[in-house]
Amino acid sequence: MDKLFTMNTAAYADVPFVNGYEYTQGSGYVLPEFPFQAPPELKTGDVPLHPIVIVGGGITGLTLACCLARLGQKAILLDEDNTVGVKGASSRGICYTQKSLEIFHRLGIYDAIAAKGTRWSVGRTFAGEDEVYSFDLSQQANFNLSTQPPFINIQQFYIEGFLAERTLQLGHVDLRWQSRVTAFTQNDAFATLSIATPEGSYAVKALHVIDASGAHTPLRAWCGASVTAKKGDDRWCIADVRFSKKPPVERHTWVEAPFNENRAVWQHLMADDVWRIDYQMAPNSDPAEVSREEVVRERLTRQFGPDTEVEIVWVGPYAYRSECIDRMRHGRVFFMGDAAKVVSPFGARGGNTGVADADNLAWKLAAVLRGQASERLLTSYHEERHEAATENVRVTNRTARFLRPADGIERVFRNATIALAKRFPFARPLVNTGRMAVANSYHFSSVCSNTGKSEGGFSLQNIAFQWRRSPQQARAGSASPAVGTLNDLLLWARGAHLVLVFGQISTTLANQLQAFSRAAPVLTVQVLAHGEKPQALEHLYDETADRRNALREACGIAMPKGTATPWALIRPDAYVAATGQAVNAGLVQAIQRSLGI
């Protein structure tokens with residue numbers, strides 16, 4: 001008999017307004033509330049089997065719910081609160097990467113995010129009064145091909161709200177608020193969860209359980225999951241403020257801020273003209289003292305001047321730590337977001353990683369439940385996302401050590417780096433105030449090809465191209481073809497893989513590819529260079545008004561001499577699974593591998 005793990009729970013208690021943020025002050029944020037709706041299990045007493053149960057309605061859980069809803073996959077989501085965000089908390093995550101924005105574009109919420117948030121690409125780092133380093137992400141190759149910007153700043157609860165609304169629009173996923181998981185067990189056939197609500201308790205069974213409930217999840221203990229953790233003594237005070245003075249819409253960081261006792265400071269603009277200011281505090285500082293409103297106002301005055309009018313929206317202390325679960329899958333439970341790893345927020349590698357976790361697992365679950373892929377495909381979730389998690393922990397830990405160096409060689413290195421950066425350009429990239437997040441590559445995935453002849457495991461940006469010209473457009477000559485993006489292709493594929501075939505192909509090969517698409521969960525598209533004529537019904541032109549061959553080059557495809565036809569196999573999460581120089585058995589093997597077959 002399975003052991004039933006339980007918590008000490010009497011009657012359902014509302015989530016308290018203060019949720020671990022004991023010293024917060026300010027006017028606060030108004031969060032939307034969702035009504036509790038009694039699920040059918042409360043009335044019938046049945047214990048139904050659900051294909052997927054998501055625990056946690058934060059940004060990770062809601063992204064997963066929305067991804068599954070878009071694919072038409074049924075699931076339920078359980079959240080113990082009745083709102084998005086965290087009651088009593090700050091803006092929390094604020095900086096969303098291009099990869100996350102591309103995912104949100106596929107989910108249909110990007111336009112709302114872009115309209116509400118603040119775009120930025122320029123970052124500047126200061127040591128004292130000196131600017132020692134700057135960058136413009138829009139000019140870098142790993143950002144400049146996408147139709148989404150490098151970053152948008154917006155308070156996390158806005159994105160969570162957009163995701164919840166979009167999931168309700170799409171259907172398929174049942175969002176259950178004020179539903180707290182109080183017990184859990186699993187066996188070879190299913191998992192069982194007990195759930196407490198304001199109107200009583202009930203139980204459900206699940207083929208797959210996804211834990212997105214955060215760093216304090218009880219499911220780690222219930223599953224016997226081990227965690228590698230590190231807690232430092234770095235202390236910060238976060239202030240969300242509005243003020244009359246308008247700094248540049250850029251990411252400004254100070255390694256040694258003269259207005260903060262030569263400690264670090266971060267400065268970002270978010271939505272609603274709210275600025276996020278992060279002040280590094282002394283390691284032995286008193287959280288209650290550094291968060292007092294008059295103390296924060298004094299600190300803001302030192303930074304922006306006495307003539308700046310300030311409204312404190314939220315202020316509170318924070319201590320950074322890092323931890324990573326050793327296995328992201330335990331039986332029928334998948335861990336993601338902060339339930340799987342916690343990182344210091346340097347470089348925006350926290351919430352964005354959770355969004356990518358959700359995007360990675362959603363299409364795999366849908367493919368398996370549809371019978372289009374093997375159960376072995378689900379093993380790749382740990383292979384890929386644990387590599388990403390450990391990399392993000394490593395990168396953010398390095399930043400934390402630069403900002404709070406230990407006495408000895410770490411402090412000597414930091415001081416020398418800052419001194420050199422003020423005088424010599426070569427040293428400026430060594431000033432580490434956060435390596436900005438990019439889409440992680442997968443070097444050890446069993447479902448991606450990583451050989452010299454077939455490369456995979458890397459993300460494609462949401463590249464633009466031109467759709468095929470209609471006969472009327474061709475005759476008109478001056479008519480411009482419509483512009484499409486990689487996301488348009490992925491939405492058209494509805495969870496299937498894409499085979500992009502580059503260049504001219506024979507009529508026989510075009511017919512073979514069409515037949516192949518009918519036999520496997522893949523769709524094929526011919527990708528044409530400027531001036532080439534199509535042989536396949538589904539085709540596009542790899543060009544826009546200002547760029548040619550961007551899609552081919554991003555896939556790492558070199559056009560061979562002769563009649564060979566190169567290809568790229570694209571997964572539903574916009575990752576390249578494999579590439580090849582000829583349509584042959586290698587393509588078939590790559591498709592089988594990418595589906596865990």
Side-chain angles (χ1 to χ4, degrees), residues 7-22 24 26 28-39 41-42 52-66 68-69 75-94 109 154-168 173-184 193-204 209-220 222 240 313-314 316 318 335-340 342 350-351 354-355 357-358:
M7 299 171 66
N8 294 324
T9 54
Y12 182 88
D14 288 338
V15 177
F17 182 80
V18 175
N19 194 355
Y21 293 83
E22 294 88 347
T24 62
Y29 291 103
V30 178
L31 303 176
E33 294 189 352
F34 301 93
F36 171 77
Q37 295 180 337
E41 293 91 344
L42 272 178
I52 300 171
V53 173
I54 305 165
V55 183
I59 191 169
T60 302
L62 285 168
T63 299
L64 178 62
C66 200
L68 293 171
I76 64 172
L77 180 146
L78 308 170
D79 190 81
E80 65 176 2
D81 209 345
N82 67 341
T83 185
V84 295
V86 173
K87 291 178 179 178
S90 71
S91 46
R92 301 174 74 213
I94 66 165
I109 66 168
I154 185 173
Q155 293 88 325
Q156 180 173 326
F157 57 80
Y158 279 123
I159 292 184
E160 293 176 359
F162 296 150
L163 287 166
E165 292 172 359
R166 180 61 173 155
T167 302
L168 291 172
V173 176
D174 184 6
L175 302 182
R176 301 186 180 184
W177 307 100
Q178 291 184 281
S179 299
R180 180 179 294 123
V181 177
T182 58
F184 166 84
L193 300 95
S194 297
I195 302 149
T197 78
E199 296 185 9
S201 298
Y202 67 97
V204 295
V209 176
I210 290 79
D211 184 11
S213 60
H216 301 293
T217 171
L219 278 159
R220 287 184 186 172
W222 292 343
D240 292 352
V313 180
W314 186 93
Y318 198 78
F335 293 89
M336 63 172 51
D338 285 357
V342 175
V355 171
D357 289 344

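The residues of the chain are indexed from 1 along the displayed sequence.
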[X] [atom1] to [Y] [atom2] distance, which is reported to the nearest 0.5 Å:
X: Ile195; Y: Thr182; atom1: CD1; atom2: OG1; value: 8.0 Å
X: Ile76; Y: Leu193; atom1: CD1; atom2: CG; value: 8.0 Å
X: Leu175; Y: Cys66; atom1: CG; atom2: SG; value: 9.5 Å
X: Ser179; Y: Gln37; atom1: OG; atom2: CD; value: 10.5 Å
X: Ile210; Y: Leu78; atom1: CD1; atom2: CG; value: 11.0 Å
X: Asp240; Y: Ile94; atom1: CG; atom2: CD1; value: 7.5 Å

With a 4.5 Å cut-off on side-chain heavy atoms, are [Y] and [X] touching?
X: Gln178; Y: Thr197; result: no
X: Asp211; Y: Trp222; result: no
X: Pro32; Y: Thr83; result: yes
X: Ile159; Y: Val355; result: no
X: Val84; Y: Leu163; result: no

Do the side chain of Glu160 and the main chain of Ile59 share a donor and acceptor less than 3.5 angstrom apart? yes
Between Asp357 (side chain only) and Gly337 (backbone N and O only), is there a donor and an acceptor less than 3.5 Å apart? yes
Please report the shortest heavy-atom distance between [X] and [Y], naming the atom on each side.
X: Ala196; Y: Ser201; result: CA-OG, 3.7 Å
X: Phe335; Y: Leu219; result: CZ-O, 3.8 Å
X: Phe36; Y: Trp177; result: CD1-O, 3.3 Å
X: Ala65; Y: Leu77; result: CB-CD1, 3.9 Å
X: Glu199; Y: Ala38; result: OE1-CB, 3.6 Å

Contacts of Arg166 that satisfy salt bridge (Lys or Arg N to Asp or Glu O under 4.0 Å) - sequence neighbours left out: none
